[in-house]
**Student:** 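Got a structure for you, written out below as C-alpha cells; questions coming shortly.
We name chains A, B, ... by the order of the sequence lines, and we start the count at 1 in each one.
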Number of protein chains: 2
Amino acid sequence: MAQSNGRRTSRRGIYLKLRQMVLTLELPPGAALSENELAATLGVSRTPVRESLILLAQEGLVQVFPKIGSFVSRVDPAQVADAQFLREAVELASLDDLPPEPDPAVVEELRDNLNRQQHEDLGLEEFFDLDEAFHQGLMRLSGHGNVWTTVAAAKGHLDRARRLGLHENVSPAVFAAQHHEIFEAVVGGNTQLARTSMRNHLRAVFSDIERIRAHSPELFATDPSTVPVRRNVVVWE
Amino acid sequence: MAQSNGRRTSRRGIYLKLRQMVLTLELPPGAALSENELAATLGVSRTPVRESLILLAQEGLVQVFPKIGSFVSRVDPAQVADAQFLREAVELASLDDLPPEPDPAVVEELRDNLNRQQHEDLGLEEFFDLDEAFHQGLMRLSGHGNVWTTVAAAKGHLDRARRLGLHENVSPAVFAAQHHEIFEAVVGGNTQLARTSMRNHLRAVFSDIERIRAHSPELFATDPSTVPVRRNVVVWE
DNA sequence: CGTGCAGTGCTTGTATACAAGCACTTGTCG
DNA sequence: CGACAAGTGCTTGTATACAAGCACTGCACG
C-alpha cells in the first residue's frame, strides 16, 4: 500500500534501482553498502541514497548498523516462512472472492501471460516478471489487486530464496504448468480445484527453498542477528 | 517485518511518536505537517523528522507533495477494505495452524488480557492496546507472531476508521465479548467455531465503519487523490 | 615475542545551506 | 475598476559540513 505520488525525484529512481538489484541478487546477501560509495557511483549526494536505504531497511532487505555500516540482509529462513504463510493465506482467500463473471480483459491478459511463459528460450528474470504479473492478475480478478502490493513488499526474502533455487537448476516449466492448471480452474469456476492447485503450487515453490538452504548455507542468516563484518580497507595504488 | 535494530536514534523515537499521533487521531486526517515546524517543536533538525515522514508515507499514513506540503492522509475506504481483507485472510489461516497443545504462557497472557478488557472504566486507548495485543497473541499461538507485524503496518487506515467509530458511541463491551468467544473456541480446540467467531468479529468491526463514513464523510478520501490545500499563512503580530 | 595504546580511515546520524517551485499578496498599469 | 505581473513566504528535494564511534594498523614498551 505504498503511497508514492508520481512526482519524479531522484530518490524514487534510486530506491527502485537498489531494490531491483537486491531482489535479483545482483547485490548478493551480505554485501556491504556504503552510502558514500553508492552516492558517488550514482552521481548524487548521500541524501537520496540514504533515504532509499532507510526504506529498504524498513522492508527488511537491508540492515543498517549505526556507525558500522549497511548490508544487504542475508536471507532469513524465518522471514521466508512468514512470507510463505502470508501469501498463501492471501492468495487462497482471494480465490474465494472470485466473481461469477471475471473481467474479460484481465482474463485475456492472463492467457497471454501464460503463453509467454511457455516460450523455450525464456530468461530467468523474464520468468519471474511473468510469474509476478500472473499472481497479481489473479488478485485483481477478485478485486484485491492492491493487496498484492503489501504481499509483494513483505516477500522480499522469499523472492531472493526462489532466485537462489532457480539459479541452481530446475526449469521454470514445472511452475508454468502449475500456473496453467490454476488458471483453468479459475476460468472454469471450480473454486475448490483452484484452491488445491494454488496451494500445491505455492508449497512446491516453498519446498524448493529448503533444498537450496542445505546447498548454500552461507547466504542464509543463522542467528537472529548475524554479526556484521566491516570489510577490510582496500586501497588501489 | 520491519527490521529496525535496537540502536537508539532520535529518528526512531520521532517516527514512533508521529505514528502514534496519527493512529490515535491526535493528528487528524488531512492535517498539514511541516518538516520545519515539527523539527522546531521536537527540538531537532529537519533530517530525522523528514526521514520519519518518509517512512510514514511508505506506510500510507502520510502523503508528501514535493514543493507543496505534507499531510496526514485522509482515511481511504479502499485501503480500509484492503486491510480488512488482509487481516481476515491471515487471522483465519492462522487458526488452521494452531497446535494441539498451545503454549501455556501465551494462553495465560491472553486470559489476563481478556480480564482486563472487562474492566468497567476502560479508556479507549487502553482498549485498543489490549485489542491489538489479543490478536497478536493469537497469531503467536500458531507460530505466526511475526506476520502480525506486516498486518499491523498495513492496517493503519482501518485502525483510524475504527477509532472514529468508537469515538462516536458504542462501548467496547461487545467486542470484548466476541474476543472471549474466540478464545474459548481456541483453547477448546474447536477450530471451526473459532473460525466463524473470528470472522463474525472482524466483520462486525468492519460494518461499523460504513456507518461512520455516512456520519463524518469529511475525514474520508473521496477521489483517489484529493487535492492538497496549502494552509493560509497566519502571522501573529 | 607479547601486549597495550594511540592513530587512521572508514562508517552512519544529525545539522545546516542552498535550490526549485507553488500559492497567495500586492502593486502597477491599462 | 479589472487584470496581469512581480514579490513574498512558505513548502520539500538535494547537497554539504560536522559529530560520534567502531575496527583495524602499527608502533612502542615491557
**Student:** Under a 4.0 Å threshold between the charged nitrogen and the carboxylate oxygen, would A/E59 count as salt-bridged to A/K155?
**Tutor:** no
**Student:** Quick check on side chain to side chain contact (heavy atoms under 4.5 Å, CB included): which of A/T41, A/L38, A/N36 does A/V49 satisfy it with?
**Tutor:**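 Answer after filtering A/T41, A/L38, A/N36: A/L38.
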**Student:** Could you state the CG-P distance from A/L38 to C/dC10, rounded to the nearest angstrom?
**Tutor:**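 These atoms are roughly 16 Å apart.
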**Student:** Residues in ring-ring contact (aromatic ring centres under 6.0 Å, His included) with A/F206, at least two apart?
**Tutor:**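 By the ring-ring contact (aromatic ring centres under 6.0 Å, His included) rule, A/F206 matches no residue at all.
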**Student:** Please state how far atom NZ in B/K67 lies from atom C1' in D/dT12, giving the value in whole angstrom units.
**Tutor:**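 Rounding to the nearest Å, NZ of B/K67 and C1' of D/dT12 are 7 Å apart.
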**Student:** Would you kindly give the CZ-to-P distance between A/F65 and C/dT12, to the nearest whole Å?
**Tutor:**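 One finds 12 Å between P of C/dT12 and CZ of A/F65, rounded.
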**Student:** Between D/dT12 atom P and A/R11 atom CZ, what is the distance in whole Å?
**Tutor:** 12 Å
**Student:** Within less than 4.0 Å of OP1 or OP2 of C/dT12, is there a side-chain N or O belonging to B/T9?
**Tutor:**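 For C/dT12, neither OP1 nor OP2 has a side-chain N or O of B/T9 closer than 4.0 Å.
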**Student:** Taking the six-membered ring of A/F128 as reference, does the cationic atom of A/R162 (NZ for Lys, CZ for Arg) lie under 6.0 Å from its centre and within 45° of its axis?
**Tutor:**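 No - A/R162 does not lie over the ring of A/F128 by the 6.0 Å and 45° rule.
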**Student:** Could you give the CD-to-P distance, from B/E35 to C/dA15, as a whole number of Å?
**Tutor:** 14 Å
**Student:** Between A/H157 and A/V80, is there a donor-acceptor pair closer than 3.5 Å when you use the side chain of the first and the backbone of the second?
**Tutor:**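 Flag not set: sc A/H157 to bb A/V80 has no pair under 3.5 Å.
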**Student:** Rounded to whole Å, please give me the gap between CZ in A/R8 and P in C/dG21.
**Tutor:**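 After rounding, the gap between these two atoms is 15 Å.
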**Student:** Would you find a donor on one side and an acceptor on the other, under 3.5 Å apart, between the side chain of B/S73 and the backbone of B/G60?
**Tutor:**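 Present.
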**Student:** Taking only residues two or more places apart in sequence, or in another chain, which ones meet A/Q136 in a side-chain hydrogen bond (donor to acceptor under 3.5 Å, both in side chains)?
**Tutor:**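 If we apply the side-chain hydrogen bond (donor to acceptor under 3.5 Å, both in side chains) test to A/Q136, skipping adjacent residues, there are no hits.
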**Student:** Does D/dC10 have its OP1 or OP2 closer than 4.0 Å to a side-chain nitrogen or oxygen of B/S34?
**Tutor:**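 For D/dC10, OP1/OP2 do not have a side-chain N/O of B/S34 under 4.0 Å.
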**Student:** Can you tell me if the side-chain N/O atoms of B/N36 get under 4.0 Å from OP1 or OP2 in D/dT11?
**Tutor:** yes
**Student:** Tell me which residues in residues 44-54 of chain B put a heavy atom below 4.0 Å from DNA chain D, sorted by number, or none.
**Tutor:** B/R46, B/R50
**Student:** Do B/V44 and B/R11 pass the side-chain contact (heavy atoms from CB on, under 4.5 Å) test, and can you show the C-alpha distance, the side-chain angles, and the key distance before you say yes or no?
**Tutor:** CA-CA 10 Å; B/V44 295; B/R11 182 181 80 228; over 6 Å; no
**Student:** Taking atom P of D/dC22 as reference, at what distance in whole Å does atom CD1 of A/I68 sit?
**Tutor:** 7 Å
**Student:** With distance as the sole criterion, is a donor-acceptor pair present between the side chains of A/H179 and A/N113 under 3.5 Å?
**Tutor:**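 No, because no side-chain N or O of A/H179 sits under 3.5 Å from a partner of the opposite role on A/N113.
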**Student:** Please list, pair by pair, any protein nitrogen or oxygen found under 3.5 Å from a nitrogen or oxygen in nucleotides 6-8 of chain D.
**Tutor:**
none

**Student:** Please give the angle, rounded to 10 degrees, between the axes at the start and the end of the helix from C/dC1-D/dG30 to C/dG30-D/dC1, where five pairs define each axis.
**Tutor:**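 Between the first-five-pair axis and the last-five-pair axis there is 30°.
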**Student:** Looking at residues at least two apart in the chain, or sitting in another chain, which of them share a side-chain hydrogen bond (donor to acceptor under 3.5 Å, both in side chains) with B/S94?
**Tutor:** B/S142
**Student:** Could you check whether B/R116 pairs with B/D112 (Lys NZ or Arg NE/NH1/NH2 to Asp/Glu carboxylate O, under 4.0 Å)?
**Tutor:** yes
**Student:** Between atom CD1 in B/I14 and atom C1' in C/dT14, what is the gap in whole Å?
**Tutor:** 10 Å
